[in-house]
Structure formats: structure tokens, C-alpha cells
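The next block holds one structure in the form of C-alpha cells; read it before the comments.
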Amino acid sequence: MTERHERCEIEVVIYPENKPLKVDIDCPSISVRELLKVLEETGIPRDYYAIATEGRILSQEENVQAGARVLLLPLVMGG
Amino acid sequence: MGGFIGRILDIDLTSRTYKIHSTKEEWVKLYSMMGYAIRLLYEEVRRKGMIDPLGSENTLIIVAGPLVGTYLSGSKTAFVSISPLTGYLGKSMMAGSFGTMIKRSGFDGIVLRGVSTTPVYISIVNGAVEIRSADHLWGKKTSETFKVIEEEIGVKNLKIAAIGPAGEKLCRFACIVSNEYRVAGRTGIGAVMGSKKVKAIAVYGESTIEVADKRSLSDLVRKHGEACLKSPRANALKSYGTAGGLVTYVLDGNVPIKNWSRGVFEDQDPAKIKITGQVMQQIYKSRGKSCGTEVPCVIQCHKEVYVDGTWVKHPEFETLALMGTNLLINDPGALITINRACDELGLDTISTGAVIGWAMECYERGYISKNDVGFELKWGDVDAVLNLINMIAYREGIGSILAEGVARACKNIHPNTCDFAPHVKGLEVPAHHPRRYYTIGLVYATSNIGASHLQGMTFLLERGVALLPEYGVEEPPKSLEDKVRSVIITQNLCNFLDSVGMCKFPVFGVIDFDHVAKVYSAVTGYAVDKDEVMKIGERVWYLERLLNLNLGLKVVEDRLPSRFSEEPLNEGPVRGSVCPIGDMLKLFYEYRKLDKKSGYPEPAKLKELELDTGLQ
């Protein structure tokens with residue numbers, strides 16, 4: 001029997017344009033690692049971006065809750 | 001020996017004479033070119049004993065490695081001397097075309113000895129050397145100096161490296177600025193040049209720099225260029241320069257805020273942070289270019305903004321952090337002005353920002369007063385910062401104390417203020433945060449020049465954007481053991497890149513060191529692989545260490561300011577975190593095979609690196 005997940009949504013705001021992007025996820029949350037994988041399908045290389053919310057960058061293991069609004073930042077990582 | 005010219009210009013400023021020596025091939029093979037300069041300095045120290053960095057016995061050595069002028073992003077000229085800040089090795093890398101012109105003019109490097117009695121500048125055009133009077137230039141800011149020298153020599157595309165008033169006044173963190181506005185910023189190299197009464201060095205040359213295997217090199221250039229174009233990290237640098245990293249670093253907890261005492265800047269709200277490369281490029285017309293007219297580069301991270309009818313240099317990340325978040329200034333226009341002021345006066349923006357941040361904390365805590373400064377010195381006050389920058393450069397009032405650097409100034413103001421003076425071995429701490437990236441704390445503590453992020457860019461590894469699988473670093477280091485190993489690996493690799501004159505940006509996270517080894521082989525004709533690349537870098541690190549030990553370095557100076565290891569922040573992304581520097585240092589000494597009491601490398605290690613003969 002196939003497990004069925006209720007679908008939820010989060011909003012990813014791309015810095016600096018502040019362009020919002022709606023992302024469908026399995027309820028109730030998605031890990032940052034998984035979210036970056038999803039975003040990679042839209043051409044955003046996962047190793048070079050970070051997800052931030054509430055003034056800090058989230059680790060790959062943390063979860064983003066459904067309905068959340070998070071920021072996508074480039075890892076420029078220069079000197 | 002492709003990539004090398006084979007000649008070194010050796011100028012005695014006291015007698016105003018010069019000699020030309022052959023470049024020693026044996027040293028070139030062992031150390032490449034920056035390491036060569038350090039070996040030369042080592043010989044000076046062994047001959048003379050302790051050296052006053054601002055005295056006539058100090059030597060300033062300027063060299064351009066084999067990749068300078070021969071390869072993509074081979075842009076780094078090394079300035080090496082005894083540092084007036086630390087009393088130990090001083091070195092700083094200047095990007096741009098200056099080194100290419102030294103080589104096209106017929107030299108691998110320039111050695112400056114002695115002291116001139118009156119101000120001079122040195123003109124080197126197609127190998128012809130002249131020591132000219134600089135009486136009329138003394139006191140001038142850098143842009144005016146460039147203009148006058150360009151007119152006097154009258155050669156198009158002349159490359160000039162000059163000091164500003166700060167170097168003349170022997171400010172211990174004065175830098176050397178090129179007429180492409182690239183800077184040899186760190187360790188007070190500008191003060192050494194000022195102590196010798198050398199206002200500037202101007203070079204131009206048309207000679208071809210030969211390489212060993214042109215055909216292979218051309219293929220390697222093409223592959224590397226393609227890798228840069230495909231690399232997200234390189235493309236991010238291309239879009240915004242290093243300034244593009246600021247917003248991410250603020251949210252990552254990887255910047256100094258209020259002299260490292262706070263963890264929150266502008267409520268950590270990206271919409272409120274105005275000093276990021278991204279926002280500044282929305283406000284100002286901007287353009288990107290290579291760091292020098294003679295430097296082929298795909299990334300072109302050197303950014304300029306159009307202000308008041310002219311193109312001026314965009315502040316780099318380090319400047320935005322040390323002068324911006326550190327001093328609570330969130331005004332892009334102000335930071336452009338501050339950046340320009342420092343370039344004109346010849347001040348290192350990292351040390352200057354760190355010194356002012358410390359002075360502001362001294363003021364806030366009552367160690368210095370309005371009477372001492374001449375005005376209020378409050379966080380975020382742009383006018384106060386600009387005033388203080390001028391006072392430091394000209395050594396006016398309290399500026400003369402601050403021009404000594406935080407390590408000396410804190411002893412003068414009040415010993416208690418040394419507890420929050422951010423430096424290692426006397427060199428002020430740059431922007432990357434040891435509470436966030438523990439490895440950078442160890443890099444600062446064990447760098448041979450004091451606190452420098454460019455002596456091991458480990459934050460790239462910890463963040464996972466630049467792994468080194470060819471050296472066994474396949475994932476971001478998690479355990480302390482792996483973190484320490486990653487520091488040692490990157491210290492060695494950074495030393496190799498500096499020694500050959502290669503920029504670090506198109507390498508880490510862009511291309512592997514197998515490729516770099518092939519490039520080095522194609523340019524020089526020495527067949528090396530990635531292991532030999534590591535060995536050259538490692539050898540240079542130990543040579544630097546031996547030099548410092550000969551200058552009196554003690555184990556206790558391999559340290560980190562206690563603020564990073566004993567004072568956790570109670571807010572922001574690094575809340576509660578302190579750098580476990582003690583544990584890391586123990587491992588570092590074990591892995592580097594350094595004696596725990598004396599700091600000396602074990603004899604077997606020196607033998608392995610061929611540093612056991614003719615040294616110590």
C-alpha cells in the first residue's frame with residue numbers, strides 16, 4: 001500500500017531580489033538538506049546556497065515547518 | 001626553469017647603489033618564490049640577529065612567483081619583511097599587475113636594504129634602474145603620488161606601488177597601495193617601506209616571460225577557465241565580489257560585531273543590512289574587472305562603483321565587516337568613503353577597523369575620554385571614524401598611540417584593555433569568526449604572521465563549499481582531529497599558492513590540486529604532483545616557523561584572544577559557542593611535530609622537508 005502524504009507549502013525568498021518561490025513539501029516539515037535538493041531541480045546548486053530564517057542560517061539537519069517563509073542566500077565565501 | 005627570470009635586483013638605499021644577483025635554482029625548487037624571499041630573510045636574521053623592523057637592518061623583499069604573468073589569475077606579488085607589528089615574519093600579497101611588470105622588466109624580485117637619508121622613489125623601466133628623489137612626493141596621498149610619477153616617467157601602463165602618509169609616519173599597520181588600487185595590506189609592510197624613505201616603486205617592462213611547456217599550459221588555461229565559468233562559487237564572486245558574502249556571513253555569525261562583543265547586527269534582518277555587495281550594486285552603478293590590466297582572469301572579483309562622477313573601488317568583504325558591522329556602521333556611502341580614505345592614506349582597512357573598534361570599546365568602558373580623543377567616539381559615528389583614520393595616519397593626538405596597533409596601544413591606555421584587544425602576535429584579527437568556525441581560530445593562532453584568514457581559508461572547508469578530496473578531505477571536518485588536520489592542509493596549500501603567485505579564489509572550490517600541479521609543471525618544467533605541491537607549501541610553513549623562532553617566538557604566543565575562547569555571546573547565530581583553542585593547539589603541535597615547550601619542529605620533520613641543512 002502506498003503511503004500518502006498530505007501536501008503543504010513553504011515560501012522561499014531568494015536574496016537579493018526577494019523573489020518569492022512556493023515550494024510543495026510533504027507535511028508537516030522538510031529538512032534543509034531535502035529542501036536544497038528540491039531547489040536544485042530549479043537550477044540552484046545546493047552546495048552553494050544556505051537557508052536562513054529568524055536571523056540565522058539553518059544547518060542541513062534542521063527542519064523547516066510548513067507555512068514558513070525562509071530566505072535563500074548565496075554562499076559567496078570570498079576573503 | 002620556466003616562469004622564473006633568473007635575476008634579482010638588490011638595492012642598497014644607504015649607498016644608493018644596486019647589484020643584480022642570479023636567482024638560486026636550488027631555493028626556487030625547494031620553496032618557489034615567496035618561500036625564496038623568506039629564505040633570504042632567514043639568512044639576514046641569522047647574520048644580523050634580532051632586527052628592528054623599522055631600522056636600517058631590516059630588508060624588504062618583493063617577489064613574483066612563476067605563475068605571475070604566465071597563467072590565469074597568476075596575480076599575486078609577495079611583500080616580505082620583518083613586521084613592525086609583530087617583530088616576526090611580515091608578508092602580504094598584492095593582487096594585480098605589479099609583479100608581472102617586475103618580471104617583464106627582467107627580475108624575479110626586488111630586495112630593498114638600508115635606509116635612504118632623503119625620500120626616494122625607484123624607477124625600473126625595461127631593466128633600467130633609477131633611484132630618484134621623492135622630496136616633492138613626501139606627504140602626498142597615493143592617488144596624487146601615482147599621478148606625478150606617471151607624468152615624470154611618461155611610460156604608458158606603468159605599474160606603481162606606493163605608500164601614503166601612514167607609511168611615512170611609520171604607522172605600524174601602514175600598507176602599500178598599487179595604482180590599480182590593489183593593496184599589500186597586512187603586517188605593516190608600508191611602514192617598513194616608509195622607514196627606508198621609499199615613497200614608491202614604479203615598474204614597466206616588455207620582456208617575454210618564458211614557460212617550459214606552452215602547449216600543455218594553453219590546454220590547462222582553457223580547462224581552468226571552463227571550470228571557473230561552471231563554478232557557482234566563482235560565479236558568485238564574479239557577480240558581487242567578496243562583498244557579496246557579507247549578508248550570508250552576518251546570518252552565519254561569521255563577522256565581528258562591536259569589537260566581537262555582540263552577535264546581532266541590524267536585528268539580523270537582511271532587509272535592513274545595507275552594506276552588502278548585492279544592495280550596494282543596486283544603489284550604485286557598478287562594474288567588475290580583473291585585478292590588473294595584465295592579469296587574465298575569468299572571475300574578475302575586483303568591483304568598482306561609480307561615485308561623484310568617477311569609478312572607485314568597491315569595499316571588499318573584510319573592509320565592510322571591520323569598518324561596518326564591527327563599528328556598527330550600516331551606511332554604504334560611508335564605507336566607500338572610509339575605504340577610499342584608507343587607500344589614499346595607505347592604511348590596512350582590517351587593522352584600522354580593528355584598532356578603531358577596540359578604541360570605541362575603550363571609550364564606552366571609560367578607559368579613554370572625549371578629552372583624550374578630542375571628540376566623542378561612539379559606535380556608528382562615521383565622522384568620528386574618518387577623523388580617527390586621519391589622526392592615525394598622521395599620528396596626531398591619540399592617533400599616534402593607535403598607530404602602534406592594538407597590542408602596543410592597549411598597554412599604553414590601560415593593561416585591562418588588552419583583554420579585549422583583538423590580535424594574535426600583534427597582528428589584528430580579520431573578519432572571520434573563531435566562535436563560528438573553530439578552524440579559523442586555529443589558523444589565526446598558528447599563522448606565522450599573526451591573525452590572518454588568508455593563511456588557511458578553512459571556513460571554505462567547514463562550510464563545505466571547497467572540499468579537498470585529493471588530500472582526503474571529502475566532507476566538512478566535524479571532529480576536532482579532522483578540523484586540525486584541515487587547518488594544516490590549507491596552511492600548506494595557501495603557502496604554496498602564495499609562493500607561486502596564484503590567486504586562491506579560482507582554486508579552492510573550483511579546481512583540484514592535481515590541476516594546479518600540472519600547471520606548475522607546465523610553467524616551470526619541474527615535474528611535480530599534488531603531493532609535491534603540498535610538500536613545497538609545508539616546507540615554506542616550517543621555514544617561516546624557524547625564522548620566527550630565531551626571532552624569539554615563544555609557544556605562548558600561539559594563542560587566540562580570550563574573548564573567542566572564554567567569552568560566549570548570549571545572542572545571535574553563535575550564541576553560547578567558544579573556540580576550543582587549547583584542545584586544538586595540543587593536536588596541532590602533535591600533528592605538526594612541534595616541541596610543546598620550545599615550539600621547535602622535531603629534527604626528523606625538518607630532515608623530511610630538507611630543512612635540516614644550512615638552517616636553524
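Note that these values count all heavy atoms, side chains included, but never hydrogens, waters or copies made by symmetry. Below, read A as the first sequence line, B as the second, and so on, with proteins coming before strands; counting in each chain starts at 1. Bear in mind that the values here come from a model prediction, so they are computed numbers and not experimental data.
By the neighbour-count criterion of 12 heavy atoms within 6.0 Å, atom CD of B:E475 is sparsely surrounded, having that number or fewer from other residues, nucleotides or ligands. Within 6.0 Å of CD on A:E54 lie no more than 12 heavy atoms contributed by other residues, nucleotides or ligands.
Side chains of A:P16 and B:Y240 form a contact here, defined as non-hydrogen atoms less than 4.5 Å apart. Side-chain contact between B:V465 and A:D47 is absent, with no heavy-atom pair separated by less than 4.5 Å.
For the atom pair A:Y48 OH and B:T248 OG1, the distance stands at 14.5 Å (nearest 0.5 Å). B:L251 CG to A:I57 CD1: the interatomic distance, rounded to the nearest 0.5 Å, is 5.5 Å. Here the CG-OH distance, from A:L75 to B:Y249, works out to 8.0 Å after rounding to the nearest 0.5 Å. One finds the CZ atom of B:R575 at 9.0 Å from the CZ atom of A:R56 (value rounded to the nearest 0.5 Å).
In this structure, chain A has no heavy atom under 4.5 Å from any part of B:D269. Heavy-atom distances place no part of B:E266 under 4.5 Å from chain A, backbone and side chain included. Proximity to chain B involves both the backbone and the side chain of A:P74, based on heavy atoms less than 4.5 angstrom apart. For A:L71, the part lying near chain B is the side chain, with the backbone staying farther off; criterion is any non-hydrogen pair under 4.5 Å.
Looking at every heavy atom in both residues, B:Q268 comes nearest to A:G55 through NE2-O, 2.9 Å.
Considering only heavy-atom pairs separated by less than 4.5 Å from chain A, the leading option among B:E316, B:R463, B:Q282, B:K504 is B:R463.
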